[in-house]
Structure formats: structure tokens, C-alpha cells
Student: 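Take this structure, written in C-alpha cells, and hold onto it; I'll ask about it next.
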Amino acid sequence: MTVFTSKTLYTPLRKIDDALVSVENGAVVSVSSRNQAKAASNKEITDFGDCVIVPGFFDIHIHGGVNCDVMRGSADEMAKFEVFLARHGVTSYFPSTVTASQDATLSALERLANRIEAAETGGAGGAQPLGIHLEGPFLSHTRRGVHPPVDLVEPSVAAFDKLWQAARGHVRMLTIAPELNGAEEVIAEATKRGVCVSIGHSDAALEQARRGVKAGARHATHTFNAMRPLDHRAPGILGEVLTNNQISADVIADGIHVDPTVVDLLFRAKGIENFVLITDAISATGMPDGRYQLGTLEVELKNGRCTRDGNLAGSALTMDRAVRNVMKFAGLSLQQAVRAASMNPAKAVGIKKGTIEPGADADFTVLTQDGEVRATVIKGVLVQ
Ligand SMILES: [Zn+2]
């Protein structure tokens with residue numbers, strides 16, 4: 001039995017003062033206030049002092065970091081990347097593909113499936129990959145961003161199944177443009193297989209977006225980016241994303257992809273229940289200015305912006321900074337910001353993570369009151 005204590009803990013729905021969490025075999029046994037807890041004798045105690053214990057962050061959209069691209073990274077590079085994530089408070093993540101040739105995609109999916117299966121049984125040296133997010137190839141040509149046009153594919157259940165098989169069923173999230181021919185069938189089939197279908201990279205009109213939601217889509221990918229802009233007479237996909245409270249929506253809160261005021265607007269539209277933070281970070285994250293890889297593309301990092309031919313190509317954002325940013329941009333409390341980075345993404349993708357309660361996995365991030373990461377605990381073990 002291991003015990004962690006701190007001045008404050010967010011479950012994240014509840015705030016606990018003078019918190020005490022006991023952990024055994026990687027899972028939370030109890031959460032209480034020190035006042036109520038009986039004195040522990042045969043337990044190892046780690047005291048985080050004035051800090052706040054919060055659920056570990058869960059990044060459902062990330063392509064890489066510290067010069068590792070998840071489509072190509074070796075086991076060693078991935079391990080280094082996962083330690084980097086943990087240092088920024090992330091305990092779970094979905095390695096996310098970018099559109100590439102079929103061969104490159106299939107081999108990336110196989111390697112990612114290996115990594116996910118190894119993490120299920122292995123130790124916890126860093127953030128845990130829990131499933132794959134397929135960002136493409138079923139994206140709109142008009143709103144593809146930097147995804148290579150030659151590799152975009154018209155949605156079909158057969159094409160989706162090929163990816164699914166290569167990933168040995170570890171696909172847990174799919175970004176798709178709902179207006180494409182065949183999209184509704186793929187959305188329905190992916191949803192049936194337990195995938196969180198997210199609409200994005202889309203030029204959908206309102207009705208097309210609604211049909212995607214009717215078919216099973218429940219989330220929106222990097223809202224506002226790579227989407228038909230909101231028009232007050234033709235609201236398009238954003239009209240649906242902003243007004244349907246059955247849909248959660250994520251945003252890249254780096255202050256570059258979306259203006260801080262529009263992050264505030266999204267938070268007001270979605271409420272704390274359906275507001276999700278992602279990084280969309282690429283291999284350049286945590287690195288000096290220079291040229292880096294995003295799938296099969298080369299991208300330039302300069303002054304915090306990742307671009308290719310002048311277009312934004314992923315971010316260099318870390319999740320702890322996203323948490324601090326939304327407190328500034330949209331007035332979230334630390335407790336709310338933490339929820340948007342932990343419980344909300346976990347709920348959106350239907351994975352049991354992101355809360356601190358008896359029976360939950362012991363994945364914590366330890367923050368200062370200002371949201372700076374002081375320590376990270378994964379499967380009950382302090383990550384060094
Ligand atoms: Zn992305």
C-alpha cells in the first residue's frame with residue numbers, strides 16, 4: 001500500500017482538502033481527507049505538500065514530441081517521448097496518425113498496436129498509449145490542412161476495416177468529414193466497434209453534419225481548425241458542433257490555432273461538460289526551432305508555430321500549458337481546466353480514466369496552484 005498526500009485534490013468533480021489517496025497494485029483504494037483518515041503505519045507515504053493532486057491528463061490527439069513522430073518512432077524514441085509526456089502531466093494518450101500512403105499507414109498501425117499491447121502488461125515509465133486516433137484518410141479535400149491530397153481516401157467500410165485489422169482493433173478514435181460519400185456507413189460501423197467518431201477536417205453544411213451525428217458521431221476534432229467557418233446564414237458544421245449538447249468538442253488552446261476569445265466562445269457554447277483539450281502536438285514539440293517530421297511530411301518549427309508551406313501543421317503545445325492557457329483565455333478555474341484535460345477526454349472516447357476514486361487506475365498529475373507540473377504518478381508509481 002502506498003499513500004500520497006497533498007494540500008488539495010480534485011477528483012476532478014470534487015475538491016478535497018488535506019487529501020490522502022491510498023494506492024495498491026496500481027489502483028486507487030481510497031480517497032479521503034487526512035482528518036478522516038486513520039493514521040497509517042505500515043504504509044509508504046509521499047507528501048506533495050502545498051500541491052494539488054489531479055487525475056493524469058489524457059491527450060486524445062497527439063502526433064509526437066521530442067523529435068519522435070508516432071508514425072515512425074522506434075521503441076526507444078517512443079519511450080523517450082512518453083517520458084516527455086509524463087513530465088507535462090500526461091498519463092494516457094492516443095498516438096494519432098496523419099494521412100499517408102496506405103503502406104506507411106498500415107505499418108505505422110501495426111507498430112502502434114505492438115506498443116499499446118506492450119504497455120498493457122509492462123511497467124509505467126511514461127504516458128500510456130491506450131488506443132489509436134486515425135486522423136484521416138477520410139478527410140475533406142477542401143479542409144485537409146496539410147494532409148497530403150493524394151492519400152485522402154473516400155470512406156468505405158472496407159477501407160476502414162483494413163486499417164482496423166492492421167491496428168488489431170486498437171483504433172479508438174476516428175476523425176472523418178461527414179459530408180463525404182460513404183461517410184455515414186463508416187461512422188455507423190466504427191461506432192458499432194466502440195470507436196469515438198469525431199467530425200472534423202470537414203466542409204460539411206449543417207444538414208450533412210447532422211447526418212453524421214445521426215449516424216453515430218459524438219465529438220468534433222480541433223474545433224474551428226480545418227472546418228468550414230461559421231456563417232450566420234449558413235452555419236455549417238460549426239452550427240451543429242456549437243449547439244448540439246450531445247457532442248463534445250476539442251480545441252488546440254495554444255493561442256495560435258484559435259484566438260483566445262474564440263476558445264472562450266467554445267467553452268461558453270459547450271459548457272464544462274463537453275469541452276475537451278487536445279494538443280495536436282508534433283515531433284517538434286520540446287525541440288528548438290528547425291525542421292521536423294509529421295508522418296511523411298516535413299514541417300518547420302519557428303517561434304512556437306509549426307508550418308508547412310505557410311499552413312499550420314500541428315502544434316508545439318503541451319497539455320499542461322493548454323491547461324494554464326484556458327484559465328487565462330476563458331476564465332476556467334484550475335479544477336475546470338484539469339477536468340477538460342482528464343475526465344472529459346476520457347469520457348468522450350469511452351475509456352475509464354481521468355478520475356480519482358476507489359477502483360480507478362492510480363494515474364495522477366501533481367500541480368502547483370498555478371498549474372505547473374511537479375510530479376506524475378502512473379499505475380501508482382512516481383515517474384522519474
Ligand atoms: Zn492532428
Side-chain angles (χ1 to χ4, degrees), residues 57-66 68-73 81 85 88 90 92-100 104-105 108-109 112 127 129-149 151-153 163 167 171-177 195-202 217 219-227 237 241 248-254 256-258 276-286 292-301 304-309 311-319 321-322 341 345 348-349:
F57 302 150
F58 190 164
D59 195 345
I60 58 174
H61 189 154
I62 179 163
H63 302 283
V66 282
C68 171
D69 182 276
V70 300
M71 300 258 309
R72 299 147 60 109
F81 163 59
L85 287 180
H88 290 278
V90 176
S92 305
Y93 76 105
F94 280 174
S96 308
T97 60
V98 286
T99 307
T105 305
L109 293 175
L112 290 172
L130 299 183
I132 298 165
H133 177 173
L134 289 176
E135 191 180 16
F138 310 128
L139 310 178
S140 152
H141 275 266
T142 318
R143 303 287 173 195
R144 64 185 176 82
V146 298
H147 292 254
D151 296 321
L152 295 177
V153 173
L163 302 171
V171 174
R172 297 302 299 258
M173 188 162 182
L174 168 70
T175 292
I176 186 167
V195 174
C196 166
V197 177
S198 185
I199 49 178
H201 280 280
S202 162
H219 190 74
T221 294
H222 44 53
T223 311
F224 297 104
N225 294 117
M227 272 182 192
I237 177 171
V241 172
S248 47
D250 65 49
V251 69
I252 310 169
D254 61 354
I256 294 169
H257 281 75
V258 179
V276 173
L277 296 175
I278 57 163
T279 64
D280 200 4
I282 70 160
S283 61
T285 309
Y292 297 93
Q293 215 61 37
L294 171 59
T296 47
L297 310 170
E298 201 182 62
V299 169
E300 185 174 16
L301 171 69
R305 300 171 80 91
C306 299
T307 55
R308 178 178 167 82
D309 306 328
N311 295 311
L312 284 172
S315 85
L317 180 64
T318 56
M319 193 57 103
R321 196 152 58 83
V349 299

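Side chains are part of it too, since the values below use all heavy atoms of this structure and drop only hydrogens, waters and symmetry mates. Order of appearance sets the numbers: ligands from 1, and atoms from 1 within every ligand. Please read these numbers as outputs of a predicted model, since none were measured by experiment.
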Student: What about the rings of Y93 and F57, do their centers lie closer together than 6.0 Å?
Tutor: no

Student: Do D151 and T99 meet the criterion of a side-chain donor-acceptor pair at a distance under 3.5 Å?
Tutor: no

Student: My understanding is that only residues two or more places apart in sequence, or in another chain, count here; which of them pass side-chain contact (heavy atoms from CB on, under 4.5 Å) with V153?
Tutor: P137, F138, A159

Student: If the condition is ring pair (Phe, Tyr, Trp, His ring centres under 6.0 Å), which residues does H133 pass it with, not counting sequence neighbours?
Tutor: H61

Student: Can you list everything that forms a side-chain contact (heavy atoms from CB on, under 4.5 Å) with H88? Sequence neighbours excluded, please.
Tutor: F84, T318, D320

Student: Assess the side chains of D280 and H63: does a donor N or O sit below 3.5 Å from an acceptor N or O?
Tutor: yes

Student: What are the protein N/O/S atoms, named by residue and atom, that sit under 2.8 Å from the Zn ion (ligand 1)?
Tutor: H61 NE2, H63 NE2, E135 OE1, D280 OD1

